[in-house]
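Have a look at the structure below, then the notes.
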Amino acid sequence: MARAAGPERRLLAVYTGGTIGMRSEGGVLVPGKGLAAVLRMLPMFHDEEHARALGLPEDTLVLPPASPDQRVFYTVLECQPLFDSSDMTITEWVQIAQIIESHYARYDGFVVIHGTDTMAFAASVLSFVLENLQKTVILTGAQVPIHALWNDGRENLLGALLLAGQYVIPEVCLFFQNQLFRGNRVTKVDARRFAAFCSPNLPPLAAVGADVSINRELVCRVRGQGRLVVHSSMERNVGLLRLYPGIPASLVRAFLQPPMKGVVMETFGSGNGPTKPDLLQELRAAAERGLVIVNCTHCLQGAVTSDYGAGVALSGAGTVPGFDMTSEAALAKLSYVLGLPGLSLDGRKELLARDLRGEMTPPAADEPRPSLQGSVLGRGIAQLLSLRQEADEMWDALVPSLACAAAYTGDLEALQVLVELGSDRSLEDFSGQTPLHAAARAGQAGAVTMLLQRGLDVNARDKGGLSPLLLAVGGRHRGVIGLLRAAGACLSAQELEDSGTELCRLASRADCEGLRAWGQAGADLRQPGYDGHSALHVADAAGNLEVVALLQNLRGGAGDQALGPYLGLHSFSRDLPFPGSAACCLT
Ligand SMILES: NC(=O)C[C@H](N)C(=O)O
């Protein structure tokens with residue numbers, strides 16, 4: 001986490017509805033249009049004099065100076081339609097993520113103005129949908145409309161704009177009543193009070209008083225190095241089932257029927273439930289059918305543990321522990337994990353039990369308690385716990401190499417899991433190679449496609465300066481070269497210059513495939529080698545008519561245009577199912 005640099009910071013505020021902008025119609029509150037016009041009239045939200053002096057466009061608002069050397073400019077994007085958040089679903093939240101994606105390069109941070117009723121669900125979903133986030137995203141809203149005399153909307157929105165404008169907190173956060181929370185840790189706890197949200201199992205990331213105090217230990221590091229990825233294929237057939245004393249097995253059975261694919265089950269206390277055989281049998285049968293059940297406690301605070309027989313019975317029936325996740329986060333995570341393509345059931349359960357976006361505290365992170373040092377058994381347990389932690393660290397260190405191995409062999413299922421596990425850190429191995437290098441070297445088009453979709457840097461260089469494109473050229477993997485080029489891979493100026501000598505070498509060996517690969521990668525086939533001769537000269541002097549004909553056919557310089565039709569170059573956007581460009585409307 002860093003204080004944002006630069007004299008001007010630009011934010012996009014996506015206004016989706018909620019009480020903050022609501023008006024009373026017929027005695028009830030309904031979403032209200034024109035929030036930007038309201039903000040323009042409020043001096044705390046817009047410095048008209050400064051805007052006029054700079055000649056800012058009509059849609060750009062500017063906050064009064066918060067510090068002498070920095071100004072926050074922002075644009076309000078009003079969605080159509082506006083929602084009471086009770087009507088919002090995963091579909092709208094994915095659309096918000098797509099709006100962020102399509103404006104990502106132009107803004108330094110994002111504020112999402114949202115109704116409070118489902119804001120905890122929205123923040124949780126966004127935290128999973130947005131992968132490799134490197135900019136601040138803050139959701140906020142209000143309990144009372146901003147145009148009312150006494151309201152919380154002004155403070156909440158101003159705080160969110162100031163934090164997103166002044167700090168790089170690369171997470172989906174929620175700001176309410178002077179506190180900045182991790183979005184997937186919050187839950188709404190009050191329908192009326194201004195302190196509407198709490199984060200029961202994680203302290204706030206920041207608190208705003210006379211000063212801003214940031215809890216630096218807690219703020220996520222920038223996750224991965226790739227570009228932003230929006231996971232739009234969230235599974236919709238997920239549900240939330242709250243156990244209550246005496247719940248009949250027949251009701252549980254009815255709830256777990258297809259098309260349901262995943263269920264968050266809210267249990268008692270530390271993850272306990274009734275141990276009636278008929279109920280356990282329903283859970284077991286559903287788990288055996290492939291339904292994924294995540295066990296979360298319905299307590300506000302605390303975690304699912306294996307302290308009680310009544311909890312162990314549930315895990316014995318095939319449920320996955322959700323530890324200290326909120327039900328909102330668990331539902332969002334389930335939808336995300338079940339929506340990932342190409343994973344086995346075990347792979348999905350493995351991801352569910354792992355902390356992916358800071359949404360839970362798995363027990364492996366527990367420090368051995370000091371009291372354990374007092375007895376022989378206690379010391380043994382403490383040692384076991386620390387061994388387990390070391391094993392975890394070893395696992396983390398091995399993920400990049402394992403991911404490279406999976407990419408090299410084209411094991412897509414293993415690769416998917418490993419890339420997900422490594423998403424909060426670099427996937428470079430000891431030599432600086434990423435799995436994309438390994439896949440390109442081996443010509444694994446499927447793995448290359450998956451990794452490009454996951455946002456791995458197409459032009460990454462390993463410690464020897466090699467890029468995936470150069471490795472694919474070396475292996476003459478023309479399908480992979482096409483994929484990389486279409487995703488923006490290019491040879492460096494030095495490689496283009498050095499390619500002349502290599503082209504001459506290939507021509508002298510009559511290596512037509514090699515020449516085609518270089519041409520497809522964007523090399524100019526007329527580039528002279530170290531002695532000033534081109535590949536065509538070399539082939540001509542050697543009397544190799546096939547190579548001469550090939551080079552003449554492919555002349556015209558940079559391979560793309562000349563080789564495109566010949567080699568079947570294709571449009572990346574047509575071939576890869578990247579999320580389409582985002583609409584600004586929520587429909
Ligand atoms: N305070 C609010 O924003 C509640 C409103 N019903 C909403 O969620 O849109």
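Ligands are counted one by one from 1 in listed order, and the atoms in each one are counted from 1 as well.
Here's the thing with Lys188: none of its N/O atoms is less than 3.5 angstrom from an N/O atom of ligand 1. For the pair Phe83 and ligand 1, the shortest N or O to N or O distance does not fall below 3.5 Å. Annotation: His114 places no N or O atom under 3.5 Å from an N or O atom of ligand 1; distance criterion only.
One side chain, Thr187 or Glu328, offers a donor N or O that lies under 3.5 Å from an acceptor on the other.
Near Ala142, meaning under 4.0 Å from any of its heavy atoms, are these atoms of ligand 1: 1 (N), 2 (C), 3 (O).
Residue Thr19 holds the heavy atom nearest to atom 2 (C) of ligand 1 of all those in Leu82, Thr19, Ile20. Of all the listed residues (Asp117, Thr118, Leu29), Asp117 holds the heavy atom that lies closest to atom 6 (N) of ligand 1.
Atom OH of Tyr104 sits in a crowded spot, with more than 12 heavy atoms from other residues, nucleotides or ligands closer than 6.0 Å. Within a 6.0 Å sphere centred on CD of Glu49, heavy atoms belonging to other residues, nucleotides or ligands number 12 at most.
Ranking the protein heavy atoms by distance from atom 1 (N) of ligand 1 puts Thr116 OG1, 2.6 Å first. Nearest protein neighbour of atom 8 (O) of ligand 1, counting heavy atoms only, is Ser85 OG, 2.5 Å.
Using a 30° and 60° split on the angle between ring planes, His50 and Phe73 fall in the tilted class, from 30° to 60°.
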Glu78 and Lys33: CA distance, side-chain angles, deciding distance, salt bridge (Lys or Arg N to Asp or Glu O under 4.0 Å) verdict: CA-CA 8 Å; Glu78 186 161 303; Lys33 293 184 181 168; over 6 Å; no
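Contact check for Glu131 versus Tyr336: side-chain heavy atoms found under the 4.5 Å cut-off.
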